[in-house]
Amino acid sequence: MNKQTKILIVDDESFMHDIFTKTLGDSYAVTPAESGADALMLAQSERPDLIILDVECPAWTVTNCVGA
């Protein structure tokens, strides 16, 4: 059984989740997160291979997320 590569998309704009899912969803397991807190929880539970993080999320900075 092949393991599908997991990508976590962190963005506060839901339309960005749609774009990434439509673009990457056929080849990768795409999981959206709308906040840094959600991203941390999903990163721990889902163990994604790649995290794409919006650098302009108003409630959570990249430094906070990467440092956690």
Side-chain angles (χ1 to χ4, degrees):
M1 177 185 289
N2 284 340
K3 176 187 149 252
Q4 191 174 26
T5 301
K6 297 178 185 178
I7 301 176
L8 175 60
I9 307 297
V10 185
D11 199 304
D12 59 327
E13 300 286 347
S14 61
F15 77 91
M16 291 302 294
H17 299 162
D18 295 339
I19 290 170
F20 279 107
T21 300
K22 288 177 184 172
T23 304
L24 302 172
D26 289 339
S27 301
Y28 304 97
V30 178
T31 302
E34 291 189 8
S35 70
D38 289 344
L40 288 174
M41 181 187 70
L42 288 166
Q44 291 173 347
S45 66
E46 298 294 320
R47 307 292 295 176
D49 300 293
L50 175 67
I51 298 174
I52 298 175
L53 180 64
D54 176 9
V55 297
E56 295 182 358
C57 267
W60 195 265
T61 66
V62 173
T63 305
N64 289 346
C65 203
V66 172

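What you see is a predicted model, and the numbers here were worked out from it, not measured in a lab. Heavy-atom basis, side chains included; hydrogens, waters and symmetry copies ignored. The residues of the chain are indexed from 1 along the displayed sequence.
In this structure, CG on D38 lies 11.5 Å from CG on D12, to the nearest 0.5 angstrom.
Among T31, L42, D49, the single residue meeting the side-chain contact (heavy atoms from CB on, under 4.5 Å) criterion with K6 is D49. With I9 as the fixed residue, the side-chain contact (heavy atoms from CB on, under 4.5 Å) test singles out one of D54, L50, V30, L53: V30.
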Expected list for residues 15-23: side-chain donor-acceptor pairs under 3.5 angstrom, two or more places apart:
from, atom 1, to, atom 2, distance (Å)
H17, NE2, D11, O, 2.9
H17, NE2, A33, O, 3.2
T21, OG1, H17, O, 2.8
T23, OG1, I19, O, 2.7

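What you find for P32 and L8 is that their closest heavy atoms are C-CD1, 4.4 Å.
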